[in-house]
Every structure is written in structure tokens, then in C-alpha cells.
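Read through the structure below, which is laid out as C-alpha cells, and then see the notes.
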Amino acid sequence: MMAHFSYVRPRSLKEAIGHLAENGARVHAGGTDLLGCLRDQVFDVRKVVSISGLSAMRGVEQVAGGGLRIGALTTIAEISEHPLIRKHYTALAQGASEVASPQLRNQGTLGGNLCQKPRCWYYRGEFHCMRKGGDVCYAAGGENQFHCIFGSGGRCFIVHPSDTAPALSALDAQVEITGPGGLRTMPVENFHVHPEDDVLRETWLERGEIVTAVRLPAPQASLKSTYRKIRARRAWDFALAGAALALELDGDRVVDGRVVLSGAAPVPWRSLLVEDTIRGKTLDDRTIDAAADAVVKGARPLAKNKYKLPLFRGMIQEELRRIHQSAGADG
Amino acid sequence: MYYTEGLPVPETPSPGETPGPWERTDVVGKPRPRVDAYERVSGTAVYPSDIVLPRMLYGAILRCPHPHAQVKKVDTTAAEAPPRVRAVIGPGDPKTDLPWSFRDVKTTLFPKTCRFEGEPVAAVAAETLYQAWDAAGAVRVDYKVLPHVSDERRALEKDAPKVHENGNKLKTDTYSRGDVEKGFFEADVVLEQHYRTEAEVHTPLELHGCVANWDGDVLTIWESTQGVYAVQSRVAEVLGLPLSKVRVIGHYMGGGFGSKLQTSRYSIVAALLAKKTGRPVKSFLPREATFLAMGNRPPSNMTLKAGVKKDGTLTALSFTCLGTGGAYPAGGTSLVDWQIRDLYLCPHVRTECTDVYINAGPARPFRAPGHPQCSWALEQMLDALAEAIGMDPVALRLKNVPDYSQGREGNPPYTTTGLKQCFKEGARRFGWEKARRKTAGQEKKGHLRRGVGMAGSVWFVGGGGPPSTVILKLFSDGSANLNMGASDIGTGTKTVMAMVAAEELGLRPEMIRIEHADTGTTQYATPSGGSKTVPTEAPTVRDAAVQVKRRLLQMAAEEMDLPVEDLRYTGDDIVSRSRPDRRIRIVDISGLKRQGVVVGVGHRGPNPEKKTVNPFCAQFCEVEVNTRTGELRILRFLSTNESGRVMNRLTFDSQVIGGVTMGIGLAATEMRILDANRTGKMVNRNWHDYKLPTSLDVPADIVGVPIEMPDAEANISGAKGLGEPVTIPTAAAVANAVYDAVGIRITESPINPLKLSSLLEQQKKEG
């Protein structure tokens with residue numbers, strides 16, 4: 001049922017990278033996604049490289065200048081419970097707490113959550129779809145109720161399944177990547193691959209590279225961040241619609257901010273239109289209604305996911321109203 | 001020390017006399033943890049999937065990946081090549097490709113034409129599970145993929161691909177009484193509405209499967225089943241063995257919900273592989289295969305037209321249903337119209353149910369087959385009628401409660417009709433009127449809207465009945481062994497039976513050991529389904545206990561030289577009525593000491609003539625709908641059940657919680673999704689994509705309220721079934737509550753943000 005593969009558990013990052021540079025090597029951290037993919041034969045694997053022994057990659061530390069560095073092996077549960085993250089990076093703590101189920105949050109890691117494979121049932125199932133090297137997207141004319149409304153490029157209609165990535169993107173986090181060529185960083189916002197750029201991959205990691213950490217900028221007192229997720233059942237489910245908002249507020253006026261959607265597109269989807277709509281505005285009914293219209297502007301729903309338009313609209317309204325109310329309460 | 005102290009024991013009826021109802025009970029009806037709780041919780045209970053035998057092989061079945069295909073060629077060379085593969089069997093070999101049938105439609109174990117995704121194509125046995133799966137995957141099959149039909153609504157279209165040569169229509173059942181046109185004419189309000197419920201899949205925690213082992217010409221099968229005798233008879237029939245040579249054991253089983261009532265091809269395949277290799281073979285299906293091939297609750301497309309007078313009198317019901325049992329005859333519309341016929345007083349009724357074939361897995365009974373679907377339509381319609389005539393939903397139902405079964409020939413009365421009490425007591429305990437006022441008066445401004453809803457139900461059977469034979473053995477130390485063939489499918493049957501025996505004998509329940517569900521050592525029993533196990537087996541156990549008491553009294557009479565009529569069994573001793581100083585302890589009876597055991601054989605007596613025994617239920621719930629996002633929260637549930645005597649208050653509550661949970665699945669989260677447009681394959685065949693409700697989808701506040709009405713006629717335990725009634729009205733009650741909250745009728749399940757967000761938007765647009 002599973003392919004034959006070898007298993008290594010390196011002692012050092014360098015050793016791990018050496019293994020990962022080999023053809024057919026796959027990284028194993030929490031394993032909550034990898035094992036399912038192997039069982040479903042989503043991709044081939046020759047060598048499983050377990051990095052669970054690299055304890056230096058686990059944990060949250062404050063860095064000079066006031067930001068946080070979160071090791072890639074930090075579990076989702078640890079992130080959702082971490083006092084500093086809860087206090088200064090609320091959207092991330094909320095996003096983490098909305099992931100899957102308690103068991104999976106205890107096992108799954110931040111790095112894994114960013115690098116997880118899409119949940120499209122055609123991709124996971126016995127369908128040789130475009131993302132697996134085939135020439136058909138089965139979702140396009142098929143059962144696409146859980147698929148995207150933005151960013152398919154007309155090729156692949158997955159939604160990116162991560163709840164932490166939209167929050168990190170909204171919080172302007174950087175992802176730290178280590179590989180054979182050393183260390184590099186890039187904004188989380190740019191970390192995921194649009195289908196039109198390459199339909200066969202989800203992240204810009206090159207062979208041998210792994211995510212080693214995520215860096216968050218120093219907290220801003222005026223930044224209010226939230227993550228909201230709507231799903232078909234209340235736990236152990238991916239987003240039908242979700243949004244991470246990180247707004248710099250002056251009273252209930254939005255000075256600036258980022259809005260990143262989940263359940264909307266093959267990558268965490270930054271909604272510049274919503275940002276433009278609310279920037280410099282007071283969160284009154286008119287702004288909120290305009291933001292709700294903006295969130296689905298340009299959306300191209302499929303036959304079975306038109307519901308996502310009212311869903312995203314309603315969700316943005318609810319979230320902005322909540323922020324408006326709590327800003328009022330704070331003031 | 002084995003006897004309860006100071007508690008009265010029921011009088012022992014004379015030989016030939018049927019015991020009357022228990023006047024009072026000291027064990028039965030009390031909350032009692034399960035007799036096997038420790039074993040189940042600690043993991044020491046050995047389920048069939050835990051069985052490991054020396055030299056055991058693992059079997060795996062290759063299943064057709066297409067919903068409709070011809071198997072042109074099967075090449076097993078590669079499968080046989082890997083080391084440690086011990087047997088491969090497939091189509092065409094008369095020794096292993098045995099005849100199989102779904103009701104009267106004949107096929108084989110490995111059919112040449114596969115009519116649903118997941119039909120067996122070949123099977124292997126190997127040294128390890130993974131080798132078996134790999135080997136099955138290495139079988140090369142040349143398929144000719146045929147056009148498929150995956151949607152029952154298209155099955156009867158002219159150009160629809162044919163599942164069977166004679167077309168896609170299996171049958172149309174009709175029922176009629178009175179004159180519906182007259183009924184609609186007499187009505188003040190007539191409403192008509194189309195409803196649909198999606199197909200649900202059972203997905204019990206323990207997978208479907210078995211271990212098969214031959215000892216000479218005797219075949220033993222450990223199977224996760226709801227009925228060991230059902231498996232025995234089918235296996236014996238297919239393999240041409242005498243019943244005595246097939247032993248089926250199923251002491252524990254991890255859930256079935258109806259999907260393990262029948263015998264599956266995998267049991268035969270395991271037996272054949274075991275025969276071929278001369279070694280035990282364990283064959284449990286992977287989860288994905290159980291989604292495809294181990295049954296489902298069929299989808300139902302229902303139209304209901306109903307007429308009501310202003311005073312709430314129902315005048316006519318006209319109901320049609322299109323359903324499908326999948327690719328073979330499997331009860332696609334089974335019982336779906338029953339409550340239309342029977343639940344509410346109505347003189348003019350017509351139903352028409354059409355069952356069609358599609359290229360999908362055959363249905364199996366699913367906890368109250370047909371009934372929750374029917375409730376979804378009928379109970380939503382009742383609410384719509386109530387609104388139309390300005391009547392409270394509970395009052396409308398109370399207006400139309402029958403005390404006899406209108407759907408049955410001769411209109412037999414129910415032994416008890418607790419429906420009225422279920423509504424009244426349910427409404428009282430739930431605080432219905434106050435809750436209704438509160439939701440009606442809530443501010444329109446807020447985006448979180450509360451709603452309350454309710455629904456009632458009757459279950460088609462639930463009275464149990466013969467046959468059943470139970471043996472109760474009282475040992476010389478006063479402890480007892482209760483021996484019965486019925487399975488405990490997780491409902492607590494064993495515990496209830498120990499309580500019944502304890503009640504009748506005055507023994508402490510811990511002193512009773514249950515031997516059950518083994519065709520080699522226990523008596524014939526029908527499978528545990530239909531909510532009939534307790535009302536079938538409890539009276540039988542009581543009868544066996546009475547037999548033991550009679551035998552002990554006889555022994556004591558001989559020993560004490562007193563007439564048996566003068567003696568009374570009190571629990572720990574037998575006392576003379578005329579001379580209370582003359583008594584003998586049970587364990588001192590020399591006959592018992594000499595024999596070492598006293599055996600009582602109990603039989604299930606007949607059900608009452610010209611009456612019918614049915615359980616009733618009403619459920620009430622409160623929900624909250626987020627009108628911006630369509631998110632639904634179910635806040636509380638209350639279930640009133642007239643299921644006769646409560647046997648164990650703890651397992652009563654467990655059934656209520658489980659039934660409501662399952663009903664919430666139908667209402668809000670579950671649906672089978674087939675890739676109808678292109679491949680016909682099921683896309684959500686796993687526990688992530690097939691959304692069972694989680695603990696966050698189900699309220700913590702679920703209350704079970706028993707309506708106990710003395711029923712001396714049903715059977716000598718007074719019990720009626722509970723397991724299915726508790727899930728029948730749930731989904732309809734949720735739908736009614738959602739309507740109360742937001743004024744939108746959700747006629748198609750499930751009620752989730754996908755549906756609600758669009759409907760709410762539409763409602764806003766329409767103002």
C-alpha cells in the first residue's frame with residue numbers, strides 16, 4: 001500500500017539537508033500530512049528524512065529588536081498556547097488554535113503546516129490530475145464545492161489548506177529556509193506558488209531546502225490582528241472561508257493593514273482590494289459594506305462554490321464589525 | 001453473598017403460567033455501568049479485529065476502481081511474484097469464483113461486470129498485511145470502462161446508462177387508503193414541497209472484516225458482526241457446508257449501525273483463501289473500501305403534499321419518493337413512507353416509492369432505515385402546516401395522534417401509545433412555549449438568531465419477537481452463567497441481560513457471567529438490529545431465570561418434603577409459606593450440589609395478537625444561526641422516548657446521546673459525494689472529507705427523558721426498542737429550529753454554511 005522507502009533520522013541539520021538533496025527524499029516532521037499522502041500514494045517517496053530529532057528547530061525565542069523567531073518544529077499546539085504569540089500576534093495564535101483537532105495540533109508542526117499538500121480530493125484520490133503531472137483538472141467541472149474562487153490561473157483549483165500561513169502573511173512574517181546553499185529568507189507572503197507559475201509545486205523550496213524557522217517582526221501596540229475560520233463542521237476541518245486581518249488602528253480608524261484569505265485561492269490570498277477599501281477609513285457601516293463587496297471582487301466561482309461569495313462577504317462584515325466594536329470598547 | 005440483600009424477588013409463576021409484569025424492580029431500570037466496561041475501556045476486550053492466530057495470513061481484496069466496468073483480463077503474475085504471497089484468487093475459477101447474490105439478482109464473488117466502485121475483482125493472501133495490500137495492488141486488470149449513472153435522479157432518463165440489462169428501475173411500491181383528492185378538497189390549507197436527504201455512510205469505528213480458520217472440515221470465523229447466526233447461514237449456504245461445520249464468533253464488535261447485519265463477500269473470500277493456503281486468514285477492509293462497499297443510507301428525493309383543516313385535522317397526505325439502493329436490490333426506498341402511513345391520524349393517504357439502480361455501492365440498513373428521511377419531509381411539512389393555520393407545532397401534532405396503527409392491515413391498536421406523552425412531557429421539560437416566545441420576540445438586529453424546533457416519530461418495529469432461546473446456568477455456589485446467541489453491538493445488551501437475570505433471581509448482577517454471540521456454544525438468535533434485541537432477549541432471559549427458579553423450588557420441595565406450591569423463592573433461600581421457619585439456602589439444596597448446575601432454558605413467547613408493539617419519540621432542540629455566515633450551532637437537545645420499560649438508565653441515556661449525534665450528522669454534516677459528472681467515483685471516502693459530526697458539532701446538553709408506560713402485553717420484560725427511535729426525528733427537529741431562527745426552510749440536507757450562506761443572502765436580497 002505504501003511505497004518502499006528508506007528512513008533516516010539525522011542528528012544535524014546539515015546531515016538532514018544532505019539527505020533531502022537526494023532524489024525522492026521527503027521531509028518528515030510531525031507526519032500528520034506526510035503519512036496520509038504516502039498512504040494515499042499522492043507522490044512517490046524513496047527516502048523519508050525525519051527531522052524530529054533536531055530539537056534546536058523547536059521553540060519560540062525573542063530576538064534582538066523585539067521580534068520572535070519560531071522554530072519550524074514548534075508544534076501548532078505550542079504556538080496556539082504561547083503567551084507572547086497570544087498577546088502580540090493574536091491572528092497566529094487564533095489560526096493555530098483553529099487547525100484540525102487537538103491530537104493533530106499536538107503532533108503537527110509550524111513548518112509542516114506551511115508546507116502541507118493541498119486537500120483537493122482529486123489530488124488526494126485516485127485521479128491523475130494536473131497537480132500530479134496529468135493533463136486534467138478534475139475539479140474544474142467536477143465536485144468543486146471546496147475549491148477556490150481566486151487565483152486558479154484556470155489550471156488548478158485547490159485552496160491552500162493552511163490556517164497559520166494567512167496569519168503569518170498578514171503579520172508580515174518571514175520564512176527562514178536552509179538548504180545546501182545556506183540560509184535564505186523570504187516573506188511568507190511570497191512563499192507559496194501560484195498554479196500559473198508552477199502547477200506541480202506548492203512552495204518555492206528548492207531540492208534539499210527546508211523551512212527552519214519563521215520570524216515575526218517586533219510587535220506594534222496599534223496592531224490588532226485576528227483570524228476567523230468558517231468550516232463545514234466545527235472541528236477537524238479546513239476552511240470554507242477564512243481571513244487573517246492585521247490592522248494598524250487609530251481608534252477605529254484603519255491606518256493601514258493586511259487582509260489575507262484562506263479557503264479562497266491556491267495560495268494564502270492577500271486581498272489588496274479590501275486593504276485599499278479600509279485603509280485610512282473609519283470602520284463604519286459604509287466602509288464595512290464596501291469591504292465586504294471588495295473581498296469577492298474579481299472572484300471566479302465554480303459551479304458548486306458560488307456560496308463562497310456571500311460567505312466571504314458575511315465573514316468580512318462580521319470580522320470588521322467585531323474589530324470596530326472592540327476598538328470602540330478599548331477607546 | 002451472591003444475592004442481593006433485603007430486596008424482594010418476583011414471585012415465581014407456576015409451571016405453564018406466564019410471568020406477569022414486574023411490580024417493582026430493584027436492578028432493572030437503575031443506572032448501571034456496563035458489565036464489560038473495564039474490558040472495553042482498558043483494551044483487554046478482544047474484538048474480531050484484534051484476533052491473531054498462529055501462522056495467520058492476511059487477506060486483501062482488489063476492488064474495481066470504476067463505477068461500471070467489464071473485467072476483460074486479470075493477470076496475477078506480478079501479484080504472485082513478490083515473496084511471501086501465499087494465494088491469489090480471482091474471477092473465472094469455479095472453485096473460488098462462487099455464486100453470490102443481492103436478494104434475487106445473481107452475480108459472483110468476482111463478477112465479470114462490476115457495477116459499483118469497490119466490487120471485488122481478485123483477492124490475495126500474504127504473510128503480512130502490507131504484503132497482501134501490495135500484492136493486491138500488483139494484480140493487473142484490463143478493464144473496459146462502461147458508462148455509468150451516479151445520480152438516481154437521472155437513472156430513469158432515456159439515455160441513462162443501464163446498470164443492469166433490464167434497465168434501471170427496480171420497482172415502484174404504492175400504498176393508498178381513502179381518497180386523497182377528497183382529502184385535499186376538504187382541507188383548508190394544502191401545501192406541497194420537495195425534500196431531499198443525502199446518502200450517508202455508516203463508518204463504524206471497527207472496520208468490516210473477519211478472521212477465518214479451518215480445523216479439518218470445520219470453519220471458524222471471528223467476525224465483526226451484528227449477528228453471528230446470519231453469517232453462519234450465509235457462509236454455510238455459499239460454501240455448501242452444514243450449519244454445524246460453520247462456527248461464527250463475535251463477542252465484541254465496534255459498531256455496525258445496520259451495516260453489519262448481513263454477510264459480505266469478504267467473509268467467503270477469507271474462508272476460501274484460508275482453505276487454499278491451509279492457514280488462518282485475517283481480512284479486514286481498509287477504511288476507504290468500507291465507504292464504497294459496506295452500505296449506506298440511501299439518498300431520498302421526496303415530494304409531500306399535505307392537507308389540513310383550520311382546526312389542525314390532517315385530511316390528506318400524498319407522498320412520492322425516488323431512491324436508490326445502489327447497483328443491486330438493497331432497499332433503496334425501504335420503509336421511507338412508513339411514517340406517512342402510520343405516524344399521524346389521516347384518513348386519506350397515498351404513497352409511491354420508486355427504487356432505481358445506480359452505479360454505486362449497495363445500501364444497507366442504516367439505523368432506522370427510511371425513517372429519518374421520512375421525518376425530514378413529514379415533520380418539516382407539519383411545521384409548515386402549523387404555521388399556515390396559525391397553530392403551535394406541538395398542538396398540531398397532538399391533534400393528530402392515533403392510538404392504532406393506520407398503516408397496518410386491520411388497524412391493530414398499539415399496546416401503548418406514548419406519542420402524546422412524548423410531545424407533552426417533552427414540551428414541558430424543554431420549556432417549549434417559553435422558548436418559542438423568546439425566539440419569536442428576539443431582536444431582528446443581531447446576526448446570531450436563535451430558533452427552537454421539534455419533531456415526533458414512530459418506529460416501524462421495535463417490539464422484538466420470537467425466536468430466541470437463552471440458557472441460564474446456576475452453579476452450585478449460586479453464581480450464574482447466561483448463555484445467549486445475540487450480539488451486543490455496543491448498546492449494552494449484555495448488561496441489560498445480566499440485570500434482567502439478576503432481577504428475577506435476586507442475584508447481584510456481578511455474579512452473572514454472559515456467554516454470547518458464538519454459534520458453536522450459544523443458541524440461535526436473530527441479528528441485533530431493528531431495535532429489537534432487548535425486547536426479544538430480555539423476556540427470554542427472564543423466562544430462563546423463571547425456569548431456574550422453578551427447578552430449584554422443585555428440588556427444594558423434594559428435599560424439604562413440602563408441596564412445591566407452599567415454597568417461595570426469595571433470592572438466597574427458599575422458604576415455606578405456611579411454616580416460615582422451614583427454609584433452605586439455595587446453595588445448600590443437595591440437588592444443586594449433586595448436579596453442580598441447574599439449567600433454565602428460556603424461550604421468547606409470542607407477541608400479542610391483533611396488537612402492535614412500537615416505540616415512539618419526540619425531540620426538541622434549540623439552535624443558533626449566524627445570519628452573516630450561515631454557521632449553525634446546535635445548543636441543546638431533549639429526547640422523550642416511549643420505549644416501554646427503561647432497562648438501564650445509563651444505556652438509555654447513551655442511546656439518546658448517540659442517536660441525536662447521528663441525527664445531527666444527517667442534519668448538518670454528512671453526505672456521500674460521487675464525482676457524477678466525470679468518473680462516478682466517490683471523492684470523500686475518508687474520515688476527513690466525509691464529515692461525521694465532531695464533539696463540537698454536538699451539544700453537551702442532550703437530555704433523555706423516558707416516558708414509561710406499563711405495558712403488560714408487549715412482552716414479559718415490558719421493554720421496547722430504543723436505539724433507532726432516538727435518531728429518527730433529530731434531523732427534522734434541527735431543520736424546524738433553523739426555520740424558527742431565520743425563516744428559511746432547508747429542504748435538502750445537510751444544513752451547512754454552503755447552503756445557508758447562499759439562502760440567507762437570497763433572503764436578504766428579497767428583503
Between [X] and chain B, with a heavy-atom cut-off of 4.5 Å, which part of the residue counts as in contact: side chain, backbone, both or neither?
X        : value
A:Phe127 : side chain
A:Asn305 : neither
A:Leu311 : both

Would you give the length of the straight line joining atom [atom1] of [X] to atom [atom2] of [Y], rounded to the nearest 0.5 angstrom?
X        : Y        : atom1 : atom2 : result
A:Arg231 : B:Thr629 : CZ    : OG1   : 12.0 Å
B:Asn684 : A:Phe146 : CG    : CZ    : 8.0 Å
A:Glu318 : B:Asn626 : CD    : CG    : 4.5 Å

Side-chain donor/acceptor of A:Arg233 to backbone N/O of B:Leu692, under 3.5 Å
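It does hold such a pair.
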
Backbone N or O of A:Gly142 within a donor-acceptor pair of the B:Asn677 side chain at under 3.5 Å?
no

Ion pair B:Glu631/A:Arg228, N-O distance below 4.0 Å
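Salt bridge flag = yes for A:Arg228 with B:Glu631.
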
Can a salt bridge be assigned to the pair A:Glu319 and B:Arg628 using a cut-off of 4.0 Å between side-chain N and carboxylate O?
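A salt bridge is absent here (no side-chain N lies under 4.0 Å from a carboxylate O).
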
Indicate the ring-plane relationship of A:Trp236 and B:His688, choosing parallel, tilted or perpendicular according to the 30° and 60° boundaries.
tilted

Based on non-hydrogen pairs under 4.5 Å, which of B:Asp689, B:Thr694, B:Asn752, B:Val683 is most in contact with chain A?
B:Val683

For the interface with chain A, which of B:Thr679, B:Asp675, B:Leu756 has the highest count of heavy-atom pairs at distances below 4.5 Å?
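Maximum pair count with chain A is reached by B:Asp675.
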
Taking every non-hydrogen atom, the tightest pair across [X] and [Y]:
X        : Y        : answer
B:Ser757 : A:Tyr307 : OG-O, 3.4 Å
B:Asp134 : A:His4   : OD2-NE2, 3.7 Å
B:Thr669 : A:Ala232 : CG2-O, 4.2 Å

Can you tell if the side chain of [X] reaches within under 4.5 Å of the side chain of [Y], non-hydrogen atoms only?
X        : Y        : value
A:Arg321 : B:His447 : no
A:Arg124 : B:Asn686 : no
B:Pro286 : A:Arg39  : yes

Taking atom [atom1] as the centre, does [X] end up with more than 12 heavy-atom neighbours from other residues, nucleotides or ligands that are less than 6.0 angstrom away?
X        : atom1 : result
B:Arg287 : CZ    : yes
A:Arg300 : CZ    : no
A:Lys297 : NZ    : no

By a 4.5 Å heavy-atom criterion (distance strictly below it), what part of B:Leu632 contacts chain A: side chain, backbone, both, or neither?
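Only the backbone of B:Leu632 comes within 4.5 Å of chain A.
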
Heavy-atom pairs under 4.5 Å with chain B, option from A:Glu143, A:Arg234, A:Gln145, A:Lys306 with the top count:
A:Arg234

So B:Glu117 and A:Glu126, side chain to side chain contact (heavy atoms under 4.5 Å, CB included) or not? Walk me through it.
CA-CA 12 Å; B:Glu117 185 191 13; A:Glu126 297 163 344; 3.9 Å; yes

Applying side chain to side chain contact (heavy atoms under 4.5 Å, CB included), run through B:Leu754 and A:Lys304 and close with a yes or a no.
CA-CA 9 Å; B:Leu754 285 72; A:Lys304 299 199 172 189; over 6 Å; no

